[in-house]
Number of protein chains: 2
Amino acid sequence: MNSTEAVASSATSKSAQTRQRILDAAAEVLSRKGYAGTRLSDVAQVAGVQAPAIYYYFSSRDELVEEVMWVGANRVRLHLAEVLAALPEDTSCMDRLMVAVDAHLRFELQLSHYATASIRNAGHVPEQLRIRPAAEEALYSRLWRELFAEAQQAGEVRADLDINMFRLLLLGAMNWVVEWWNPRTRSLDELVATAQAMVRTGAGAV
Amino acid sequence: MNSTEAVASSATSKSAQTRQRILDAAAEVLSRKGYAGTRLSDVAQVAGVQAPAIYYYFSSRDELVEEVMWVGANRVRLHLAEVLAALPEDTSCMDRLMVAVDAHLRFELQLSHYATASIRNAGHVPEQLRIRPAAEEALYSRLWRELFAEAQQAGEVRADLDINMFRLLLLGAMNWVVEWWNPRTRSLDELVATAQAMVRTGAGAV
DNA sequence: CTGGGATTCTAACCCATATTAGATTCCACC
DNA sequence: GGTGGAATCTAATATGGGTTAGAATCCCAG
């Protein structure tokens with residue numbers, strides 16, 4: 001095995017898998033219990049290791065938390081970018097917004113504890129842990145700003161609407177869902193449809 | 001001074017004032033730093049006492065936090081109820097909703113650190129601290145449910161809209177504002193107007 | 001004044017949890 | 001099958017911050 005192969009295979013080596021298990025466990029616990037309620041012992045238990053083993057992969061609890069937050073913000077952004085890129089060229093601006101709402105909600109509620117952890121704890125972790133995740137969130141915001149700006153320029157969003165504030169309110173509505181969502185009692189399709197209605201007939205030109 | 005007077009004046013006695021200062025300080029720090037970031041020493045400093053003095057009025061940090069959360073939820077509810085009760089009898093359902101949006105946002109952003117503390121930390125404090133505040137929040141939710149239900153019955157909200165989900169999304173949008181609001185760079189009037197637009201032309205019948 | 005409860009302080013304590021030390025096990029390769 | 005580094009464990013340590021003890025101070029009633 002040469003060094004190139006070593007690097008390539010390292011992604012699935014036992015070591016890398018353990019690191020991944022720990023990171024996944026941290027994301028799950030953080031999304032469920034929040035920053036204040038997350039013990040390293042909880043994370044270790046979910047990951048199936050003893051707490052000190054975490055220090056073989058992360059230099060501190062905060063570094064672990066920071067990485068979860070960054071991965072969460074990063075994945076949400078990449079997911080949305082991917083979904084938007086896959087749309088036909090002639091998709092209308094409003095339809096793009098609808099797809100974005102759909103993608104954001106389904107990703108945060110179904111696909112990623114990282115996203116949930118990132119959203120719930122963004123405002124609750126120490127300042128220094130927010131720097132790298134905040135950069136990702138800024139890029140994510142830019143995607144949404146562009147969607148709204150283009151929709152407004154195309155006349156598909158009312159010209160007199162403050163799209164910056166509307167965007168912040170909409171993302172807030174969708175982010176807050178993690179605080180009350182219960183997959184057993186609510187339909188995700190219904191949620192997506194309602195959120196889309198909030199935008200379409202809320203921001204759409206008559 | 002008889003005992004009745006003693007009780008009456010106790011509300012403004014030095015002792016009661018100190019207790020109030022501590023509670024106010026806790027609300028302020030909690031709203032700014034969140035549950036995880038709130039040290040008793042921070043609260044004490046803001047209140048102008050030493051940390052152990054807090055224990056003369058509250059039996060533990062968690063009891064102090066719980067009281068802040070309850071007061072926050074309680075005040076928001078009473079404020080909205082009051083504002084709604086003051087409206088003319090013939091106010092339309094949609095106008096009542098607009099007033100409610102206005103009241104919620106202005107109260108949480110201008111009038112009450114308690115409200116902000118309550119909103120930001122509801123999902124981040126230990127389970128046992130949520131019981132009493134949750135009861136208040138349930139009553140608050142009921143106010144909003146009634147507003148939406150009446151508006152839908154009156155035909156001022158589209159019949160096919162899932163008003164429960166819409167309400168949760170709307171309250172989420174407004175609650176999340178505390179995560180990004182900066183009074184120096186944004187206009188509160190503009191915010192209120194945008195949130196109202198989100199409801200009116202979003203949920204309103206055409 | 002002054003005595004005594006109310007209030008607040010200083011100094012200590014404790015305890016949960018993050019972190020480190022050092023021993024041990026695992027495992028790929030010779 | 002031995003050997004050396006990687007990975008993980010057990011046991012101990014460190015420390016921030018909530019909490020308690022007991023002394024000091026305040027302040028009003030008599």
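Because the structure is a prediction, the values reported are computed rather than measured. Naming: A, B, ... by sequence-line order, numbering from 1 per chain.
The two residues E108(A) and M174(A) have their closest heavy-atom pair at OE2-O, 2.6 Å. Closest approach of A117(B) and L30(B) over heavy atoms only: CB-CB, 3.8 Å. The minimum heavy-atom distance between M198(A) and A173(A), with the atom names listed, is SD-CB, 4.5 Å.
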Next on the checklist: I'd like to know whether H79(A) forms a side-chain hydrogen bond (donor to acceptor under 3.5 Å, both in side chains) with Y140(A), so could you lay out the CA-CA distance, the side-chain angles of the two residues, the decisive distance to 0.1 Å, and finally the verdict.
Outcome noted: CA-CA 10 Å; H79(A) 179 69; Y140(A) 189 60; over 6 Å; no

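Minimum atom distance to the side chain of Y56(A) is reached by dT8(D), of the listed dT8(D), dT20(C), dG18(D). Which of dT19(D), dT8(D), dA11(D) sits closest to the side chain of R61(B) comes down to dT19(D).
Distance I54(B) CD1 to dT20(D) C1': 14 Å, rounded to the nearest Å. Here the P atom of nucleotide dT8(D) and the CZ atom of F58(A) are 12 Å apart, to the nearest Å. Look at CD on Q50(A): it is 15 Å from C1' on dA12(D), rounded to the nearest Å. Regarding Q17(B), its CD atom lies at a distance of 15 Å from the C1' atom of dC27(D), rounded to whole Å. Following rounding to the nearest Å, Y55(A) (OH) and dA18(C) (P) show an atom-to-atom distance of 7 Å. Taking atom CD on E63(B) and atom C1' on dT19(D), their separation rounds to 14 Å, with Å as the unit. D42(B) has its CG atom 12 Å from the C1' atom of dG16(D), to the nearest Å. In this structure, L40(B) places its CG atom 13 Å from C1' of dT20(D), rounding to the nearest Å.
Residue pairs satisfying the side-chain hydrogen bond (donor to acceptor under 3.5 Å, both in side chains) criterion with at least one member in residues 180-196 of chain A, sequence neighbours excluded, are listed as follows: R106(A)-D189(A).
Of the side-chain N and O atoms in R39(B), one or more sit less than 4.0 angstrom from OP1 or OP2 of dG18(D). Under 4.0 angstrom from either OP1 or OP2 of dT7(C) there lies no side-chain N or O belonging to T18(B). Listed pair Y57(B) / dT8(C) meets the phosphate criterion, a side-chain N or O lying under 4.0 Å from OP1 or OP2.
Looking at L97(A) and E156(A), their side chains never come closer than 4.5 Å, going by heavy atoms from C-beta outward.
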Distances under 3.5 Å between protein N/O atoms and the N/O atoms of nucleotides 3-5 of chain D, please, pair by pair.
none

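Between the side chain of S31(B) and the backbone N or O of T116(B), no donor-acceptor pair lies under 3.5 Å.
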